[in-house]
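Below: the structure, in structure tokens.
Letters A, B, ... mirror the listed sequences (proteins, then strands); counts begin at 1. Please read these numbers as outputs of a predicted model, since none were measured by experiment.
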Amino acid sequence: MSRLYRMPSLGSDMEAGTLIEWVRQPGDRLAKGDVIAVIETQKGAIEVEVFHDAVMGRPLIQVGDKVPVGSPMAELEDASAAPALRPATGIPATHAPEPGPAVAEAGTRTSERIADQAGHRIGHRAGTGTAAQRRRASPAARRLADARGIALDAIEGSGPRGAVVLADVHAATGTTPTTEAASPPRGHLDLAAMRQAIAAAMSRSKREIPHYYLSHDIDLTAATDWLTARNAQLPPDQRLLLGALLIKAVALSLDKFPELNGFDRDGHFEPAQGVHIGCATAIRGGGLVAPALHDADQLQLPTLMTRLRDLVGRVRSGGLRASELSDPTITVSSLGERGVDRLYGIIYPPQVAIVGFGTPALRPWVQDGQVVPRNIVTATLSADHRHSDGHRGALFLARVGQRLQEPDTL
Amino acid sequence: MTRDEIKTIALQELIGVAADLAGETIPGDAQLRDEFDLDSMDILNWVSALHKRLGVDIPELDYPRLVSLDATADYLLERL
Amino acid sequence: MSAQMIEISYREAVREAIREALNRDPRVFLMGEDVGRYGGCYAVSKGLYDEFGPERIRDAPLSEAGFTGAGIGAALGGLRPIVEVMTVNFSLLALDQIVNNAATLRHMSGGQFSVPLVIRMACGAGKQLAAQHSHSLEGWYAHVPGIKVLAPATLEDARGMLWSALEDPDPVVIFEHVMLYNRSGQLAADAGAVPIEGAAVRREGGDVTLITYGGSLFKTLEAADTLAADGIAAEVIDLRCLRPLDDATLMASVARTHRAVIIDEGWRSGSLAAEISARLMEQAFWELDAPVGRVCSAEVPIPYPKHLEDAAVPQTDDIVAAARAVLNR
Amino acid sequence: MSIRETDGDHSHLGDKLHLDRAHALHLLREMLRIRQFEERCAELYTEEKIRGFLHLYTGEEAIAVGVMQGLTGSDAVVATYREHGHAIARGLPMTRLMAEMYGKREGVSRGRGGSMHVFDADSRFYGGNAIVGGGLPLAVGLALADRLLGRAQVTACFFGEGAAAEGAFHESLNLAALWQLPVLFVCENNLYAMGTALERSESETAIARKAESYRIPAAAVDGMDVIAIEAAARRALAEIRAGGGPRFLECRTYRFRAHSMFDAQLYRDKAEVEAWKQKGPLLRFRQWLQEAGMLSAAEVEHLEAEVAEEVAAAVAFAEAGQWEPVEDLARDVYTEQPA
């Protein structure tokens, strides 16, 4: 039995990808989650993984080929069928007797088959809400948006019944109809395309999402003291960054505020099934990506830190994975030690909230009636007022603050 | 190991953790955080790499001393 | 182009083309109802009878099938006939000969016989000739492989297409819109043959492509003027040749403008406009920024009263409105 | 200008037609070639070698053979969809004709036309026209070209009596007469337009009289008598060549087989068919030759064997033929222009 490995969709704005490298070769055994290939998208080179145990079969496209999402890229043999069992002479499948359904699925794992019958796919992280309605857009607008790496969802349509037309894409990218985007160099981030993608997404967000903004000062003294003491005992590669604590505190606090963790689907809220924190990561020279740190609420701090380092490293080197780009359920943006007091983020659609952390600094703080210098960070929340209210948002920020008072419980 | 050798290693490891700086000319006195946009993650990765390469432990409290390649070379020379 | 220009009407341009052909090639003759002594229903051949005599300006009885078929036979026999059918509606009486014989003979005979025949006919509404003299059935002819279909709209094409059509080894049907005959303008004194393939961009513009032919060309150019006053730059394409269609010119234009409106005096259902629209979908879908628009005739027999006739066929205002619609402005 | 009736008495031929033995045998052979070719076609049709519509000329062979005797190589022929006989009598090779029946590339029309659309430029054979009456205007035009180009050629145009109901018939006769064109109109009146008997479709069943109304000299001939037809055709052709304008022959005949292969013949009695078969052109002419001492039974047998051989060779040729490549489907829709 062979299946087809198809060009994965890494986001609603991705329509095609270019194969840069086959990481695995025909005959290689692949475990679920193994990277099989690297593909080029407008967001850079991305490692794509398999979602089932399998044996790499015949490649169907070549390095350099650009194919639409859903196009077959390679055959995958079922992992349970050892390669040795395959006929050595390679009898074409079409000459074999037509297998009945039961035989045809014999190699498929039972759990997967049941899941398929139930209409679900294992490993598919998206929620169970109804599929988003296809965005109305002219063919020309679709093509240009694809070339410019912009999600149609991120563009306000001025055409009939809100359809996105060419002019909207040009407006979103700040280009004129006569300038054509040069195709991005392979294997590298196309910063221009990313700039346009950010512009488009943020423009749409500001147009469509009624943001509300909350700000809350949090005393980080306990957390930084705990961190300093802990890191002092550890070699550099085991040390934690404050950012890891902040992410964990946010992730843990979301359990009581599910309305902040999920997606807007045509005005309806769809709660996420897990907490996948989009970690806003700046790219030197400009640009920003917020890949997902999966199941951040479930990770122990050392693991979370390791994952975070890995993630940031791959942002910089252009090796993000498919699921990391498409999966964030909420974004955390931390300016670190070289920023400003506070930042108010813009929600990344279709998410409904973004948490911001300014630069921690010693500030005067009243404690037990005394003004004392404490290490203070200003946390902010920008959230979608269609799906949550300020009161709930305030409670959420307060909870994040409380979590950070007990760093050893994070 | 001379200061220049140490400085070369520091640069190599910096490029190792921030590959996107590979094409840059980084003067010895350049302020790495401000001029080359190194953040805390980069510093941590760099410190880890230097630790591995040179066996020098760099406590967190000393991170502020690693402001430039020259300063880092001086610091490491002290610690070796 | 020569600096020497002459003032000439479309009718005179066609007549000059026939005269030139008769002078250049002894195999050429004109045949049709009242083309001789009467001078042609639309006076196109006026004077030619006296000049060339009854053998070469041959009056035919009211036998469209007979004389059109005879034209085919004469072409098979080595002549270069120009058959004039008074209006496209009458050509239906000769449709069997055109479709079953002229269009098929070459292919059906395995390439043995060509039919170098030119059939000219008047078409179109505007002269209050009502429901049996006013139609635009060019699209029907353009449906048929084996014939070529031309629609000269300009003086240059009226003057130049005929000779090229006569040189063509295959049957060519030329449609002359009745509202064009009286149009006058400047034409080079030495104007001659023009190619009978390819569309022409009659006006350049980047906002919307207006595709038309024949009698609707000048309405469309007027519409483009109106649009220009509102800052909309319309490109106007004159198809000239309805079969084969010049896909390349259409697609190249739409690739620039991303919007198209087709103006066709034929009825909308199953029209040439429908064919062009389908080709735009097939070949330029990803260039389109709006649905293709069409301005066609109302699906009624063309009525006699002026106001109803005007309402039935595409007018400049309709074209302007359709262009605005695809521009969402 | 009257309609000349002829009968089976050939004595009148003496001064008009020199009927030597060789020519008589030629006429017999030509009719036999048509008959055997078509009988084989009927068989091949049942074997699905030949498809589409197959209209057989069986019983009417004398007309094509008789008329063709008067034509020269530069004259033109326009025929109908029941045209195998005309093609054979006009001299088209039986091999390529059979290949056309098969739809093979070696066919006279490259296999494009099949049974109904036989064309041959070399012999000026302009179809093979399957629209009843549709060929008549073509014949008028061909003759017009000859007239205008000053060529002393004639166009022979064959059609059935069913065509007389078509407008194109009347338009064409009128034009030919009006312009005095060199056309020989040959009406093969086999009494049935498909399944409609003549008296059920025409108010005037004497077709030749319709021609006369257009002031075209016309004659009605026994269509089962090859000698009578040849004589009438030669006479008419001579008048045409002399500049007398068009002539019209109505040949009264009968088809022995169905209209096409798929025809239950509900419209006529078997007895009627049998009666006509007794007057069949081959049968009568052979009997006449034998009675006149011009032909022995052995010679008939020999002749039939020779023709059978030719038909077998034609079938072999068609069988061995190639299908036109699909890539050539659109070839010759238009004339290929030199690049």
Rounded distance (nearest 0.5 Å) linking atom CG of C:N100 with atom CD1 of D:I131: 3.5 Å
Atom pair OG/CG of C:S114 and D:D332 - distance to nearest 0.5 Å: 8.0 Å
By salt bridge (Lys or Arg N to Asp or Glu O under 4.0 Å) - contacts of D:K49 (at least two apart): D:E319
Most chain C-contacting option - heavy-atom pairs closer than 4.5 Å, from D:L144, D:V140, D:L178, D:D146: D:L144
Any D:F119 side-chain heavy atom under 4.5 Å of C:M108 side chain: yes
Flag side-chain contact, heavy atom, 4.5 Å: C:H107 against D:R331: no
Chain C contact via D:D120 - side chain, backbone, both or neither, heavy atoms under 4.5 Å: both
Greatest number of heavy atom pairs closer than 4.5 Å to chain C - which of D:R110, D:R112, D:H117: D:R112
Check: D:L148 and C:R58 side chains under 4.5 Å, non-hydrogen atoms: yes
Distance, nearest 0.5 Å, that separates OG of D:S172 from CZ of C:F67: 12.0 Å
Proximal component of D:L173, with respect to chain C [non-hydrogen, under 4.5 Å]: neither
Side chain to side chain contact (heavy atoms under 4.5 Å, CB included) assessment of D:L138 paired with C:Q97: CA-CA 9 Å; D:L138 295 189; C:Q97 289 297 324; 4.0 Å; yes
Atom group of D:V118 that falls short of 4.5 Å from chain C, counting heavy atoms: neither
